[in-house]
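Treat the numbers as computed from the prediction; the structure is a model and nothing was measured.
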Amino acid sequence: MPWRQDLPASLVVFLVALPLCVGVAVASGVPAELGLVTGLVGGLVVGLLPGSSLQVSGPAAGLTVLVADAVQRYGPGALGLLVLGTGLLQLTMGALRLGRWFRAMSASVVHGMLAGIGLTLLTGQLYALADRPAPATGPDKLAGLPRLAAEVVTGSAQRSAVALGLATLLVLVAWKHLPARISRAVPAPLAAVGLAAAVTAAADLPVARVRVSGLLGVVHPPDGAGLGALLSAAGLGTLVAFTLIASAETLFSAAAVDRMHHGPRTDYDRELTAQGVGNTVCGLLGALPMTAVIVRSAANVQAGARTRASRFLHGLWLLLFTALLPGALGYVPLAALAAVLVHAGAKLVPVRRVVGLCREHRGEAVVLTATAAAIIATDLFEGVLIGVGLAVVKSAWQTSHLQIAVEEVVPQDGQPLHRVRLSGNATFLRLPRLLDALERLPRDRPVELDWSGLRHLDHACTLALASWADQHRARSTAPLAVEPPLPAVG
């Protein structure tokens, strides 16, 4: 039965979602509880709606900079209005069936997105594992790793946190090598975090732990105080940015999740509508905006989830542990949760796929690597756009492949001539090469141009061939034959 897989998978997703909810909220400049509220809506509301069965929603790291800027510019009270407007716009886009357009996604871009998110998550959580604040940007996180390593080696970092985090990582890596009756009964993250919490409580280790107060005190429905600012050109631009980024992250993630399992495929329009419902509810509660989060979704798939029940249950665990039993979270060390995220981030990096692509499809490997690097250097949305742009350029270059065969032919009863055969696709991208080959032909010999093998001849190449033919006839005394005749151009 699916519940046998969905129940433990939901616990794994809960363990991954908890630090993400808190961390995204803190990075966005709002109380940590607002991130948990968004996580609850993502599980208890969106988790029950159709769209993607295994994709998990919650506060998104890709929106932290935009949310922080909006809170600083318009005030915390305007956040609910922004999120509410985002939800209503997403509902409209879903009704217009615009979600399906996001299905046109290169596999290399999707895997590059996974790699970029995994590396960003991994590098950022290494700092948390050592109980050190992480730099704000991806390049700064990478640049600071040598210094972080030096602090760990010299002992200036929090030794208890480092030891606890490394031990948690060891349990995560080694868990699958235990007997199947143990490893399958208890998910590795659950066992690792549970052991870390038990050790922390028993030894009273001086490490940072999860701290969450009540949720009801931070829920504030939107009011009209910030409405005037949001109706300005800058405010409307912020609203549109919220909508586009949240929708793009969700549907890009859906494309990635669909490639990770063999179950039902995502209905993109329904998924966009579900996100609209979730953001509308989050806006009414004054919480953070939500998207589908690839890290949680990947953890859900990898933990063996089969239905949307795991999404709902993960929201239920968030509710129970943060609203009813907040004291229980006080035993969970942040270093252990950081180790879970480091492990999850490392699993998102497709090392074997990159190696295989480098051997067989180097162009795809370049797109994958460039997408990952762009996400690390910028953010998820911009990085994916760069990857999509590179994939389009690569496809355009490959589909414009043109073969030019020049041979010297000596007829039995005639003057030697040069025969030029064109095949493939003649587009403007290959125009310099085509003209170079034609202009090298001698002017004192007959030329036969055969372009019947072309599958496509664009307007630019047609103009160029017609112009070259006119110039060749004007300058040469030898005849020129073009078969079939070039179409008339204006």
Side-chain angles (χ1 to χ4, degrees), residues 13-47 55-71 76 78-87 90 117 120-121 124-125 128 134 136 210-212 215 218-220 222 238 241-250 252-253 274-300 311 314-315 317-319 321-323 329 334 337-338 340-341 344-345 379-381:
V13 178
F14 158 68
L15 291 171
V16 173
L18 179 62
L20 286 177
C21 290
V22 175
V24 169
V26 172
S28 301
V30 299
E33 290 78 5
L34 287 182
L36 292 168
V37 171
T38 299
L40 290 173
V41 175
L44 300 178
V45 178
V46 178
Q55 190 162 242
V56 184
S57 299
L63 284 169
T64 52
V65 175
L66 195 60
V67 171
D69 179 70
V71 170
L79 180 60
L81 289 172
L82 277 170
V83 179
L84 177 60
T86 297
Q90 287 181 318
I117 293 173
T120 302
L121 181 64
Q125 292 302 314
V210 177
R211 294 182 180 180
V212 178
L215 299 180
V218 299
V219 174
H220 297 291
T238 302
F242 265 61
T243 304
L244 292 179
I245 294 176
S247 303
E249 287 197 22
T250 291
F252 289 163
S253 297
Q275 294 296 318
V277 172
N279 273 316
T280 300
V281 174
C282 288
L284 293 174
L285 298 176
L288 288 173
M290 80 162 49
T291 73
V293 185
I294 186 61
V295 176
R296 304 180 200 187
S297 304
N300 193 36
R311 307 192 305 177
H314 114 273
W317 306 140
L318 280 174
L319 177 63
F321 281 92
T322 58
L329 294 174
L334 292 180
L337 295 176
V340 172
L341 292 175
D379 56 38
L380 178 61
F381 185 66

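Within the 4.5 Å cutoff, side-chain heavy atoms of Leu18 are placed close to those of Leu318. Between Phe242 and Val67 the shortest side-chain heavy-atom distance falls below 4.5 Å. Thr86 places none of its side-chain heavy atoms less than 4.5 Å from the side chain of Pro289.
Residue Val293 comes nearest to Pro59 through the heavy atom pair CG2-O, 3.6 Å, listed as atom of the first residue, atom of the second, then distance. Taking all atoms of both residues into account, the shortest heavy-atom contact from Gly58 to Thr38 is C-CG2, 3.9 Å. Across every non-hydrogen atom of Leu40 and Gly315, the tightest pair is CD2-O, 3.3 Å. The two atoms that bring Val46 and Ser57 nearest to each other are CG1-OG, 3.8 Å, heavy atoms only. Of all the heavy atoms in Val56 and Arg311, the pair that sits closest is CG2-CG, 4.2 Å. Residues Arg296 and Cys21 come closest through the heavy atom pair NH2-SG, 3.4 Å.
For the atom pair CE (Met290) and CD (Gln90), the distance works out to 9.5 Å, reported to the nearest 0.5 Å. With values rounded to the nearest 0.5 angstrom, Thr322 atom OG1 is found 9.0 Å from Glu33 atom CD. For the atom pair CG (Leu285) and CG (Leu84), the distance works out to 10.5 Å, reported to the nearest 0.5 Å. One finds the CD1 atom of Ile117 at 7.5 Å from the CD atom of Glu249 (value rounded to the nearest 0.5 Å). Of the inter-residue distances, the one linking His314 atom NE2 with Leu44 atom CG reads 8.5 Å to the nearest 0.5 angstrom. Between the CD1 atom of Ile245 and the OG1 atom of Thr250 there is a distance of 11.5 Å, given to the nearest 0.5 Å.
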Step-by-step side-chain contact (heavy atoms from CB on, under 4.5 Å) determination, Gln55 to Ser253: CA-CA 8 Å; Gln55 190 162 242; Ser253 297; 3.3 Å; yes
